[in-house]
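Step one of this worksheet: look at the structure below.
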Amino acid sequence: MTKTLVLSSDHAAIELRQALAKHAETLGWTVTDIGPTTTESTHYPKHGEAAARSVASGENQLGIIVCGTGQGIMMAANKVKGIRCGVCSDTFSAKMIREHNDANMLAMGARVIGQGLALEIAEAFLSTEFGGGRHATRVDMIKAIED
Ligand code: RB5
């Protein structure tokens with residue numbers, strides 16, 4: 001089955017986003033990079049929302065979004081129904097948000113962590129499956145809050 005990933009960022013994380021795109025492709029993901037492409041100052045909510053809508057609609061299975069801290073773009077993405085996005089600065093959390101929380105998006109901060117660590121975090125996120133079982137009960141409780 002094709003593994004599909006959408007990427008977006010604001011101006012603060014363009015280089016990191018492009019490195020993430022290349023890395024995800026080497027891991028076998030089909031990547032849709034929705035920009036932006038210039039370093040002109042832009043607004044992270046619209047880029048977080050665009051990637052989140054692509055995941056929520058089923059167009060892409062997972063999403064990775066990056067801004068200066070990862071926080072603003074994560075907040076925007078989480079406003080879209082069906083999105084569970086966490087900011088990670090370590091590989092353990094990236095694995096756990098997939099395994100326990102069934103996160104469908106990962107956010108990172110380009111001004112917080114280096115590119116090498118960011119690629120490892122992305123890899124941990126992309127290579128972990130949701131654990132189901134008791135975790136599904138809890139994720140269902142999150143979904144119920146949305147409803
Ligand atoms: C942009 O300066 C910065 O605010 C943004 O990249 C991000 O860190 C917001 O959460």
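Predicted model, so just to flag it, every value in this text is computed and none were measured.
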Any idea which heavy atoms bring G35 and H47 closest together, and the distance? O-ND1, 4.5 Å
For D90 and S93, which I'm curious about, is there any donor-acceptor pair between the side chains at under 3.5 Å? yes
Backbone N/O of G82 and side chain of N104: donor-acceptor pair under 3.5 Å: yes
Give the minimum heavy-atom separation between I34 and S8, together with the two atoms involved. CG1-CB, 3.6 Å
Could you state whether L62 and V139 fall into the same hydrophobic cluster, counting links through intermediate Ile, Leu, Val, Met, Phe, Trp or Tyr residues with side-chain heavy atoms under 4.5 angstrom apart? no
Evaluate E40 against H11 for side chain to side chain donor-acceptor pair (under 3.5 Å), listing each step before the verdict. CA-CA 6 Å; E40 194 183 328; H11 56 279; over 6 Å; no
Flag yes if more than 12 heavy atoms outside E25 fall under 6.0 Å of its CD atom; otherwise flag no. yes
Could you tell me whether the side chain of I113 reaches within less than 4.5 Å of the side chain of I121, counting heavy atoms only? yes
So which atom in N60 and which in S54 form the shortest heavy-atom distance, rounded to 0.1 Å? ND2-OG, 2.8 Å
For D102, enumerate each residue passing the side-chain hydrogen bond (donor to acceptor under 3.5 Å, both in side chains) test, keeping only those at least two apart in sequence or located in another chain. R84, R98
Flag side-chain contact, heavy atom, 4.5 Å: T69 against R111: no
Evaluate the side-chain proximity of P36 to S9: yes if any heavy-atom separation is below 4.5 Å, no if none is. yes
V112, M108: one ILVMFWY side-chain cluster at the under-4.5 Å cut-off? yes
Are there more than 12 heavy atoms of other residues, nucleotides or ligands under 6.0 Å from atom NZ of K3? yes
Do you reckon I73 sits in the same ILVMFWY cluster as L7, going by side-chain contacts under 4.5 Å, direct or chained? no
M96 side, atom CE; E99 side, atom CD - distance, nearest 0.5 Å: 4.0 Å
Positive for side-chain contact (heavy atoms from CB on, under 4.5 Å) with L20, one of V31, D33, L106, L119: L119
Within the structure provided, determine whether K79 and E49 are in side-chain contact (heavy-atom separation under 4.5 Å). no
Residues C88, I97; criterion side chain to side chain contact (heavy atoms under 4.5 Å, CB included); working and verdict: CA-CA 9 Å; C88 294; I97 64 169; 3.8 Å; yes
How would you list, by chain and number, every residue that makes a side-chain hydrogen bond (donor to acceptor under 3.5 Å, both in side chains) with K46, sequence neighbours excluded? none
Student check: side-chain heavy atoms of V6 and V55 closer than 4.5 Å: yes
Does the side chain of D147 reach to within under 4.5 Å of the side chain of K81, using non-hydrogen atoms? yes
Can you pull the ring pair (Phe, Tyr, Trp, His ring centres under 6.0 Å) pairs that have at least one residue in residues 125-147, sequence neighbours excluded? H100-H135
Tell me the closest heavy-atom pair linking A107 and G70, and the distance in Å. CB-O, 3.5 Å
Linking I/L/V/M/F/W/Y whenever any side-chain heavy atoms sit under 4.5 Å apart, do I83 and V87 land together? no
Side chain to side chain, W29 and Q61, heavy atoms closer than 4.5 Å: yes
Is there side-chain contact between L5 and L126, with heavy atoms separated by less than 4.5 Å? yes
What one should report as the nearest heavy-atom pair of A124 and A94 is CB-CB, 4.1 Å
To the nearest 0.5 Å, what is the distance between CE on M141 and OG1 on T137? 8.5 Å
What is the minimum heavy-atom distance between A52 and M105, and which atoms define it? CA-SD, 3.6 Å
For the atom pair NZ (K95) and CD (E129), what is the distance rounded to the nearest 0.5 Å? 10.5 Å
What is the distance from atom CD1 of I65 to atom CG of D10, rounded to the nearest 0.5 Å? 10.5 Å
Do the side chain of N78 and the main chain of C85 share a donor and acceptor less than 3.5 angstrom apart? yes
